[in-house]
Amino acid sequence: GTPLNINWQYRIQKITNCPFVKPKYRQLIYWITSGTLCTGKQLRHFSPRGICPHCTHPPITATWQHMFFECPHSQTVWEEINSLGSSHWDNYTPLEPNEIPVILNDYSPQKLLQLSTLWALWTHWCKYFHDPENFTYEDRWEWANIILINTRDQFLMRLHEAHSAI
């Protein structure tokens, strides 16, 4: 199933035709929206890496909701992002999971910050899931800090790329 059941064709068209981000970011939003993102839910059947490395008592499967919003480490990231966003923009509102399918509908720096955060979370989870040889002690224990630094870098790149499209 899909995370949301709203006008499917319109939602996919908006994601696919988004002019202000590169295809890999649109792909991430598409995967989340369509329920096809490779998460710990799929991996847990053949790898212990399908379980969140932080939420082990009891073990929690790393679903997209857990990876992006429910894990305490993800919540720490969003608390910092939301604090920064609120201090920068008067009209900033935190990203809710059900808003992911429409995050690319219109250009806004706030949404680019949130997209950058989703991407930074995703790439760190991918490193954990798929690159265990290079997933270090620091990658685990500095999880939120690494993601916040990556978010900053991604956000600056997204702003630069978006300039020509808007």
Side-chain angles (χ1 to χ4, degrees), residues 1-55 59-79 81-82 85 92-132 135 139 143-144 146-148 150-151 153-155 157-159 161-162 164-166:
T2 61
L4 287 178
N5 290 319
I6 59 175
N7 188 329
W8 177 253
Q9 282 184 317
Y10 176 76
R11 182 173 39 178
I12 298 305
Q13 181 182 15
K14 286 295 230 177
I15 293 169
T16 305
N17 295 334
C18 177
F20 54 86
V21 295
K22 290 189 174 188
K24 64 184 181 181
Y25 308 99
R26 297 191 309 253
Q27 183 68 56
L28 174 62
I29 299 305
Y30 174 81
W31 283 336
I32 295 170
T33 301
S34 65
T36 56
L37 185 73
C38 181
T39 67
K41 189 174 178 181
Q42 291 82 7
L43 296 173
R44 71 175 182 207
H45 299 294
F46 58 88
S47 169
R49 289 200 174 273
I51 302 299
C52 177
H54 309 293
C55 304
I60 303 286
T61 300
T63 63
W64 75 267
Q65 296 93 333
H66 184 81
M67 292 165 43
F68 294 115
F69 295 101
E70 296 168 359
C71 178
H73 285 73
S74 297
Q75 291 173 355
T76 298
V77 168
W78 285 112
E79 287 168 10
I81 294 300
N82 293 336
Y92 181 85
T93 56
L95 180 66
E96 297 293 330
N98 65 346
E99 295 172 331
I100 291 175
V102 295
I103 196 170
L104 300 177
N105 280 11
D106 300 300
Y107 171 81
S108 83
Q110 298 92 328
K111 295 299 178 193
L112 279 184
L113 175 62
Q114 294 167 340
L115 177 64
S116 298
T117 305
L118 289 170
W119 184 260
L121 284 160
W122 171 240
T123 57
H124 203 66
W125 277 101
C126 283
K127 185 175 183 182
Y128 169 71
F129 286 151
H130 306 295
D131 195 8
F135 193 83
D139 287 326
W143 188 279
I146 290 168
I147 291 168
L148 287 166
N150 191 5
T151 297
D153 296 345
Q154 290 295 318
F155 181 56
M157 287 189 285
R158 300 299 70 76
L159 287 173
E161 292 167 359
S164 62
I166 53 172

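All figures in this text were calculated on a predicted structure; none of them were measured in a lab.
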Measuring only between side-chain heavy atoms, which start at C-beta, is Tyr107 closer than 4.5 Å to Leu112? yes
side-chain hydrogen bond (donor to acceptor under 3.5 Å, both in side chains) test vs Thr61 passes for just one of Lys41, His66, Arg44, namely Arg44
Got a sec, which residues hit side-chain hydrogen bond (donor to acceptor under 3.5 Å, both in side chains) with Glu70, two or more places apart in sequence or on another chain? none
Restricting to side-chain hydrogen bond (donor to acceptor under 3.5 Å, both in side chains), what partner residues turn up for Thr93, sequence neighbours left out? none
At their closest point, which heavy atom of [X] faces which heavy atom of [Y], and how far apart are they?
X	Y	answer
Ala62	Phe129	CB-CZ, 3.8 Å
Leu95	Asn82	N-OD1, 4.4 Å
Leu118	Phe68	O-CE2, 3.4 Å
Ala120	Thr151	CB-OG1, 3.3 Å
Met67	Ser74	O-OG, 2.5 Å
Pro101	Thr33	CA-OG1, 3.4 Å

Checking His54 now: which residues fulfil ring pair (Phe, Tyr, Trp, His ring centres under 6.0 Å) with it, not counting sequence neighbours? His73, Trp143
Residues that Phe69 engages under ring pair (Phe, Tyr, Trp, His ring centres under 6.0 Å), provided they are two or more places apart: Trp78
If the plane angle is over 60° it's perpendicular, under 30° parallel, otherwise tilted; pick one for Trp125 and Tyr128. perpendicular
Go through the steps to decide whether Ile60 and Ile51 satisfy the test side-chain contact (heavy atoms from CB on, under 4.5 Å), and finish with yes or no. CA-CA 6 Å; Ile60 303 286; Ile51 302 299; 5.6 Å; no
Out of curiosity, [X] [atom1] to [Y] [atom2], how far, rounded to the nearest 0.5 Å?
X	Y	atom1	atom2	answer
Glu96	Ile103	CD	CD1	11.5 Å
Asp131	Cys126	CG	SG	10.0 Å
Thr63	Gln42	OG1	CD	10.0 Å
Trp64	Thr39	CH2	OG1	10.5 Å
Ile147	Ile81	CD1	CD1	10.0 Å

Results of salt bridge (charged side-chain N to carboxylate O under 4.0 Å, His left out) for Asp139 - residues two or more places apart only: Lys127
According to side-chain hydrogen bond (donor to acceptor under 3.5 Å, both in side chains), does anything in residues 113-124 pair up with another residue at least two apart or in another chain? List the pairs. Tyr92-Gln114, Lys111-Gln114, Thr123-Asn150
Assess the residue pair Leu28 and Leu37 against the criterion (side-chain contact (heavy atoms from CB on, under 4.5 Å)); give the C-alpha distance rounded to whole Å, side-chain angles, the decisive distance to 0.1 Å, and a yes or no. CA-CA 7 Å; Leu28 174 62; Leu37 185 73; 3.7 Å; yes
